[in-house]
> 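Let me begin by handing over the structure; questions about it come next.
Residues: numbered from 1 along the sequence shown. These values consider heavy atoms only, across backbone and side chains, with no hydrogens, waters or symmetry-generated copies.
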Amino acid sequence: MNESVLYTQGVETVEAEVARLEKELKRLSDKMLRGEEFRAFLKHLGSESDRLQMKMISMTTKEEKLSLPEGKKGTAAFQYRRVAIQMVLHSRFNGLRTYLKEIEELPFLVAVDHLQVERMGEGTSLLKVTMGLSVFVVL
């Protein structure tokens, strides 16, 4: 009888955790970009840098298809790719601060993988910013 009670409690705990994880998956999948949204996001990065008087030196993208975990066959609930974006900008500190804050407030998943900030030279307030972003795009 005690084992039955323990088993029932264990099942209830697992069911609650599955429900929580399903909600989290739904929330994350809602925050992933679609193809057209990704193009708009790239344009947004460029236009925001102009608005903040930042000079975009370069921007490159690299797509990586994420594979299913080992032992999993078939297709995932949804297919997505991780897109790595490498950018080099020239900016002043306040412009960079605003730019990063706006990236953080976007309504979808964007991760800043690395950020390197260097002073352009003595006597100047310009910074050379090298930034790596990751965005997940639903196929």
> Can you hop from Met54 to Val88 via hydrophobic side chains spaced under 4.5 Å?
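Different clusters.
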> Hey, could you give me the NE2/CG distance between His90 and Leu96, rounded to the nearest 0.5 Å?
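One gets 12.5 Å once the value is rounded to the nearest 0.5 Å.
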> Kindly compute the distance separating OG (Ser91) from CE (Met120), expressed to the nearest 0.5 Å.
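Nearest 0.5 Å value for the OG-CE distance: 10.5 Å.
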> Let me confirm one number: the CG-NZ distance from Leu21 to Lys23, rounded to the nearest 0.5 Å.
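If I round to the nearest 0.5 Å, the distance is 11.5 Å.
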> Should Met131 and Leu42 be regarded as members of a common hydrophobic cluster, given that ILVMFWY residues are connected when their side-chain heavy atoms come within less than 4.5 Å of each other, either directly or indirectly?
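In one cluster with Met131: Leu42, yes.
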> Which residues satisfy the side-chain contact (heavy atoms from CB on, under 4.5 Å) test with Gln9, sequence neighbours excluded?
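By the side-chain contact (heavy atoms from CB on, under 4.5 Å) rule, Gln9 matches Val5, Leu6.
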> Side chains of Leu45 and Ile103, heavy atoms from C-beta outward: is any pair under 4.5 Å?
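A side-chain contact under 4.5 Å exists here.
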> Within the 4.5 Å heavy-atom criterion, are Phe41 and Val83 side-chain neighbours or not?
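Phe41 does not reach Val83 side chain to side chain.
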> Does atom CD of Glu102 have more than 12 heavy-atom neighbours from other groups under 6.0 Å away?
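Check passes, neighbour count above 12.
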> For residues Val135 and Met56: do they belong to one hydrophobic cluster (side chain heavy atoms under 4.5 Å, members Ile, Leu, Val, Met, Phe, Trp, Tyr)?
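Yes, one cluster joins them.
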> Got a second to check how far Asn94's CG is from Leu127's CG, nearest 0.5 Å?
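One gets 10.0 Å once the value is rounded to the nearest 0.5 Å.
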> Leu52 and Val129: same hydrophobic cluster, using ILVMFWY side-chain contacts below 4.5 Å?
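Yes, because Leu52 and Val129 connect within a single hydrophobic cluster, where side-chain heavy atoms sit under 4.5 Å apart.
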> Within the structure provided, determine whether Leu106 and His44 are in side-chain contact (heavy-atom separation under 4.5 Å).
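SC-SC contact between Leu106 and His44 confirmed.
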> Can you name the residues that form a side-chain hydrogen bond (donor to acceptor under 3.5 Å, both in side chains) with Lys101, not counting sequence neighbours?
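Lys101 satisfies side-chain hydrogen bond (donor to acceptor under 3.5 Å, both in side chains) with Glu104 once adjacent residues are dropped.
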> May I have all residue pairs that pass side-chain hydrogen bond (donor to acceptor under 3.5 Å, both in side chains) and include part of residues 120-132, sequence neighbours excluded?
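Residue pairs with at least one partner in residues 120-132: Arg92-Ser125.
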> Considering non-hydrogen atoms only, spot the tightest contact between Val112 and Leu133 and give its length.
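So the two residues come closest at CG2-CD2, 3.6 Å.
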> Find out if a path of hydrophobic residues (ILVMFWY) with successive side-chain heavy-atom gaps under 4.5 Å connects Phe93 to Tyr99.
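Phe93 clusters together with Tyr99.
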> Would you give the length of the straight line joining atom CD of Glu22 to atom CD of Glu17, rounded to the nearest 0.5 angstrom?
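Glu22 CD to Glu17 CD: 11.0 Å, rounded to 0.5 Å.
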> Atom NZ of Lys55 and atom OG of Ser49: how far apart are they, to the nearest 0.5 Å?
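Taking NZ in Lys55 and OG in Ser49, the distance rounds to 11.5 Å.
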